[in-house]
Each structure stands twice: as structure tokens, then as C-alpha cells.
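Heads up: the structure comes next, in C-alpha cells.
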Number of protein chains: 2
Amino acid sequence: MKKDFECTQESYAREVLREKGLKSTAQRLAVVHVLHTSRKSLSVGEIHDRVKDMLGTTGLATIYRTLEMFEGLGIVKRLHFPDGGHGYAFSQGEHVHHMVCVDCRGVFDFPECPVENFDYASVEKQGFRVKNHFIQLFGQCVKCAEAA
Amino acid sequence: MKKDFECTQESYAREVLREKGLKSTAQRLAVVHVLHTSRKSLSVGEIHDRVKDMLGTTGLATIYRTLEMFEGLGIVKRLHFPDGGHGYAFSQGEHVHHMVCVDCRGVFDFPECPVENFDYASVEKQGFRVKNHFIQLFGQCVKCAEAA
DNA sequence: TATCAAATGAGAATAATTTTCAATTGGGCT
DNA sequence: AGCCCAATTGAAAATTATTCTCATTTGATA
């Protein structure tokens, strides 16, 4: 494939894919590029549109397949919005949390884990063994706060 | 309407609805009852089926409309699962968090907020103003842990 | 108990996602 | 550089999920 773009994230994705014996196709790398260069999270349709802009024709099913695969690999994260919608954001590595601007759907990463120091003891009293968590912070980004 | 069931949650819902000038219909109260008496979170289809069992014919659109409304009122919470699916659980009051069993989709509430003592300062340095959060803990409940 | 805005049901319409399968392609091997 | 083949893709159909429309019903208030 020809390369119209280049970035560390692209090579990161290549690497993860190769480790798993998966192919680095133009479509997959385009999805990475699109998500990584967007400051806001994107819907499936938006990703599809942007990938089509890059590569010409691209099947929607491929986008779905790629996103599902990438989510499993920790390359992208699916985010849920208060209005019920959802979108995807690039996410290098497993344990990163995200702040989402409720106005522009902009995504901001942060590595600190808010529940790191939380004592699960009281919660696990019920017998529930916590293994994982999903956290999203909602609020306003600087731009949207200024615009308001 | 006739009552085949009775519980505090029903009166709680009635109260919230009345305060907002919304009607306490049989369908709405049935949704509350179904969700409250289920230890696991339910999909829209499951809720529809159970409400139909209670009331006979019930439109699917009504279930969607009710769930959306209830979510806004803080009566139910929409939960998201790692496999991409989602479900609903009863949730009395706004700020309750949930543990979800990844095996049976059972839901366990806990009132302690894991991020209560988290210092957002480092995160807000980026200019982002945190207003809200969504947290779900994943793991295994006692039953599923024993069964495994 | 009459009234009426709010809510419902049924099904059509739309949107979102998955499946199927023939055609294409990336990556390893000469 | 060219061959091979399993992995991947595209296109369209199929399925599933959600929303909309509008005629009919119903809860709450007087």
C-alpha cells in the first residue's frame, strides 16, 4: 500500500497487529490515522466517511470489523455519551481513562486512575470480585466553556 | 389500574413521576417492578417480554419511551457491557454506582463513590472542567465465581 | 363522572449492525 | 520480483435496534 501519512501511532498499530499475526491493511491503518488525528471521538459513520476520503471506496462492514478488533486489542476505546450515543477514540494501551466534553465530544486522555486508591473492601463484602472498571469523566473542555 | 404488585420502589417511582407532572401508568409502573425485582440488568427486549407477561399486550415503543424517560429521572441506569451490549437496571437516586457480573450480568449497587477522594487538579490542568462521571465495575459475583 | 392533555399501541419507517460469499490482497517464501 | 494462500475486504442482503406517526385510550383533576 502507498503511504500518504506517517506517525508513531501507525507504527504502534502495525506492531500490535503483527504480534497477533494480523495483517496491517490500508483500511486498518487508515482507521488508526483517522482516530488518532481527531481531537474528538467519532461515530462509526464519521470514521467510515473519513476513511473513504483517504482510501476511496471502503466498506462499512470493514469499519465495524476493524473497530471491534481494535477495541479488543486496546487500540481504540468505545465511549458512551449521556444522550445514549457512542463513539470511538484512539487509545494507546489498556489502562487509560478519558474525559469527554459533553458539548463537542472532544476526548482528553489522562493516565491517572481515579479509583487506584479506592478500597474495594466494603464493596467486595457482597462477595463480588472486582476485576476491571470502566470510567468516563464528563464535563466541558476549555473551548466549549469559553464559547458558552 | 389494578395492582398485582406493590413495593416501595413502586411508590418511589409514583412520587418522582407526580413531582414532574407525569402520569403513573400501568406500563411505567410495570417497568419499575420488572427492573427492581430482577437481580440482573435486562435488555430492552427482556423488559418488554416481562412487562407483556404482567400486562398482556404492551407496545415496544412504550418501553423505549419509558426507559429514556426513567433514565433522565434517575430511576433507571443504562449499563454498558464489555461485549458491546447494554442493559438497564433499577437505580433509586442519582449517584449510585454499579458492579456488573460479566458472566450473568447481575447488578450490584454500592453507594460509595470510588472517585470521591480523587483529586481532579492534575486532570483539570488541561482546562477540562469535570462535572459528572460514569463508573462501572466489572467482575464476578459469588454465584458465578463458585460455578466457574 | 366529564374533560383533555398525556400516554399508548400498532405498524411503518429509519438507523444500526451483522452476515454471506465471491473477489482481492498482505506477507512469507522462493 | 513473482507465487501462494489464508486473511481480509466490498457489496448487498439480512437482521436487529430504534424512532416516528397518528388514531385511540387513559390517568388525573375538577
Side-chain angles (χ1 to χ4, degrees), chain A residues 1-3 10-11 13-32 34 41-49 51-73 75-76 78-81 83-88, chain B residues 1-3 10-11 13-32 34 41-49 51-73 75-76 78-81 83-88:
Chain A
M1 67 157 288
K2 72 172 189 302
K3 289 192 268 185
E10 186 191 348
S11 4
R14 269 184 194 283
E15 184 57 24
V16 174
L17 289 169
R18 203 168 48 69
E19 277 175 7
K20 301 278 176 180
L22 299 163
K23 292 184 178 175
S24 294
T25 66
Q27 291 85 342
R28 289 172 180 174
L29 296 174
V31 168
V32 169
V34 160
S41 63
L42 300 174
S43 69
V44 175
E46 288 171 327
I47 296 167
H48 186 212
D49 289 344
V51 169
K52 277 192 295 187
D53 286 347
M54 287 179 68
L55 304 180
T57 177
T58 300
L60 180 54
T62 298
I63 304 296
Y64 276 102
R65 289 186 283 234
T66 300
L67 289 172
E68 181 181 5
M69 205 199 79
F70 278 2
E71 190 171 18
L73 296 174
I75 293 176
V76 308
R78 181 203 273 241
L79 302 173
H80 300 282
F81 309 118
D83 72 0
H86 62 265
Y88 292 87
Chain B
M1 67 155 288
K2 72 171 190 303
K3 288 191 268 184
E10 187 193 345
S11 3
R14 268 183 194 282
E15 183 58 23
V16 174
L17 290 169
R18 203 168 49 69
E19 277 175 6
K20 302 279 178 183
L22 298 163
K23 293 184 180 176
S24 294
T25 65
Q27 292 84 346
R28 288 174 182 175
L29 296 174
V31 168
V32 169
V34 160
S41 63
L42 301 173
S43 69
V44 175
E46 288 170 326
I47 296 167
H48 186 212
D49 289 344
V51 169
K52 277 193 294 188
D53 286 346
M54 287 180 67
L55 305 180
T57 175
T58 300
L60 179 56
T62 298
I63 304 297
Y64 276 102
R65 288 185 284 231
T66 299
L67 289 171
E68 182 181 6
M69 205 200 77
F70 277 2
E71 191 171 18
L73 295 174
I75 293 176
V76 308
R78 181 201 273 241
L79 302 173
H80 299 282
F81 309 118
D83 71 1
H86 62 265
Y88 292 87

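Only this structure's heavy atoms are used, side chains among them; waters, hydrogens and symmetry mates stay out. Chain letters run A, B, ... following the sequence lines, proteins first, then strands; residues in each count from 1.
Remark: Y64(B) is not in phosphate contact with dT19(D), judged by side-chain N or O atoms under 4.0 Å from OP1 or OP2. The phosphate of dA10(C) has neither OP1 nor OP2 within less than 4.0 Å of any side-chain N or O from H48(B). Taking only side-chain nitrogens and oxygens, Q27(B) comes nearer than 4.0 Å to OP1 or OP2 of dG9(C). OP1 or OP2 of dA10(C) sits under 4.0 Å from a side-chain N or O of T57(B). The side chain of T25(B) contributes an N or O atom lying less than 4.0 Å from OP1 or OP2 of dT8(C). Phosphate proximity of dG27(C) to R18(A): absent, as no side-chain N or O sits under 4.0 Å from OP1 or OP2.
For the residue pair G87(A) and F81(A), the shortest heavy atom distance occurs at N-CE1, 3.5 Å.
Atom CD1 of I75(B) sits about 14.0 Å away from atom OH of Y88(B), to the nearest 0.5 Å.
Checked by atom type and distance alone, the side chain of R28(A) pairs as donor or acceptor with a backbone atom of K23(A) at under 3.5 Å.
Looking at the side chain of K23(B), the nearest of the listed nucleotides dA28(D), dG9(C), dT8(D) is dA28(D). With distances taken from any side-chain atom of A61(A) to the nucleotides dG9(C), dT9(D), dT19(C), the minimum falls on dT19(C). Nearest nucleotide to the L60(A) side chain, out of dA28(D), dT9(D), dT17(C): dT17(C). Here the nucleotide nearest the side chain of R65(A), chosen from dA11(D), dA28(D), dG9(C), is dA11(D).
Side-chain atoms of H80(B) and H86(B) form no donor-acceptor pair, as typed in the model, at a separation below 3.5 Å.
DNA chain C is contacted by both R28(B) and E68(A); R28(B) maps to the nucleotide lying nearer its 5′ end (nearest heavy atom per residue).
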